[in-house]
Amino acid sequence: MTDPQPAPAAIVENLRRVRDRIANAAIAAGRDPESVTLVAVSKTKPVDAVRAALDAGQTVFGENRVQEAAEKFPSLRTSHRFSLHIIGGLQTNKARDAVRIADVIETLDRPRLADAVAAAIAKEHRTPTLLIEVNTGGETQKSGVSRDDADGFIDDCKGRFGAALAGLMCVPPAGEDPRPHFTWLADRAARHGLGTLSMGMSADFEIAIACGATWVRVGSAIFGGR
Ligand SMILES: *Cc1c(COP(=O)(O)O)cnc(C)c1O
């Protein structure tokens, strides 16, 4: 079952509510609300939903699939300024398209993908901001570098990508307390001097902010269920 497509006015109202909740969570954590960026996750939603959010002043978007992002976003660049994040596991054969269309790739997770992204950056003369996804729950079906391999991969990517490597991202296992996953990721980023922490979704972004998230990726609370 998917919810009916929310009307533009509902998207605007949902955005307002999510922004308020982000600000309140930041203040409750003793943080500056401006230190948290809302990434509006528009996967599976039509471009009209994206336009409604853009018109409401939302400027940062996340898409899971490169193909879908390529269909929805590039044509909007002529009329709008925004930042597009790829947040889904990336196949190496999609790396070049991702580098071409995205401002941020949040899901570097293995050396072969890092190779493909580095080659694409050289060919496209364009360097997106990069995050490393960590599979903090060790789930076999999920993308992300394992906790054990994280330090080595982070060092490797720092060497290759320099300052373009901005931080870490995770998606904790569904139905588990996300806190230990968020705190592990925050600790790991701090140890490596990485300032960006992408964690928290519709169900848990306030907890993520309490744990130090600088980017929260929120889909259904803005655009409705999928
Ligand atoms: C879909 C998705 C989100 C947003 O999830 P919601 O629960 O709809 O907020 C965030 N991050 C990733 C990686 C996703 O795939």
Side-chain angles (χ1 to χ4, degrees), residues 1-6 10-11 13-22 25 36-46 49-50 52-53 56 58 60-73 82-91 94 98 102-110 113 128-145 166-179 181-182 185-186 189 196-226:
M1 271 290 286
T2 51
D3 293 353
Q5 193 52 49
I11 291 172
E13 177 59 19
N14 290 343
L15 264 173
R16 197 189 59 71
R17 284 211 193 97
V18 168
R19 291 186 172 290
D20 277 356
R21 287 172 59 191
I22 288 171
V36 183
T37 296
L38 171 60
V39 180
V41 177
S42 51
K43 67 186 183 200
T44 79
K45 300 299 177 184
V50 175
Q58 178 63 28
V60 185
F61 292 85
E63 284 280 342
N64 260 43
R65 297 176 55 248
V66 175
Q67 178 76 35
E68 182 178 347
E71 283 160 15
K72 279 152 66 173
F73 280 87
F82 56 84
S83 175
L84 173 62
H85 294 211
I86 296 297
I87 63 169
L90 191 57
Q91 294 172 277
K94 295 285 181 351
D103 303 288
V104 180
I105 297 173
E106 297 201 14
T107 49
L108 275 186
D109 67 354
R110 58 197 189 279
L113 179 60
T129 294
L130 302 169
L131 266 56
I132 289 172
E133 179 178 9
V134 184
N135 184 357
T136 57
E139 297 171 281
T140 49
Q141 79 283 8
K142 254 189 200 158
S143 52
V145 64
L168 305 180
M169 175 270 211
C170 77
V171 183
E176 254 183 48
D177 180 0
R179 268 184 202 80
H181 298 272
F182 293 158
L185 201 75
T196 301
L197 269 178
S198 175
M199 53 191 202
M201 320 202 306
S202 291
D204 57 15
F205 67 84
E206 284 140 321
I207 297 169
I209 290 167
C211 295
T214 62
W215 296 352
V216 292
R217 308 177 310 270
V218 179
S220 49
I222 298 168
F223 296 110
R226 292 177 298 268

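Numbering of ligands and ligand atoms starts at 1, following listing order.
Exactly one residue among Val60, Val104, Ile87 makes a side-chain contact (heavy atoms from CB on, under 4.5 Å) with Trp215. That residue is Val104.
Under the 30°/60° scheme for interplanar angles, the aromatic rings of Phe82 and Phe61 are found to stand perpendicular.
Once rounded to the nearest 0.5 Å, the distance linking CD of Gln91 with CG of Leu113 reads 10.0 Å.
The protein atom (non-hydrogen) at minimum distance from atom 13 (C) of ligand 1 is Ile87 O, 3.4 Å. For atom 6 (P) of ligand 1, the nearest protein heavy atom (residue, atom name, distance) is Ser202 OG, 3.5 Å.
Near Val218, with a cut-off below 4.0 Å to any heavy atom, the atoms of ligand 1 are 9 (O). Distances below 4.0 Å separate heavy atoms of Asn64 from the following atoms of ligand 1: 14 (C), 15 (O).
Between Lys43 and Glu68 there is no salt bridge, since no side-chain N of the basic residue sits under 4.0 Å from a carboxylate O of the acidic one.
Judged by distance alone, the side chains of Arg217 and Ser198 do bring a donor and an acceptor atom under 3.5 Å apart.
Ligand 1 has a nitrogen or oxygen under 3.5 angstrom from a nitrogen or oxygen of Gly219.
Ligand 1 has Arg226 within reach: a non-hydrogen atom of the residue lies less than 4.0 Å from it.
Nearest heavy-atom pair, Ile209 versus Val216, reported as atom, atom and distance to 0.1 Å: CG1-CG1, 3.9 Å.
The option from Arg217, Met199, Met201, Lys43 that lies nearest to atom 14 (C) of ligand 1, judged by heavy atoms, is Lys43.
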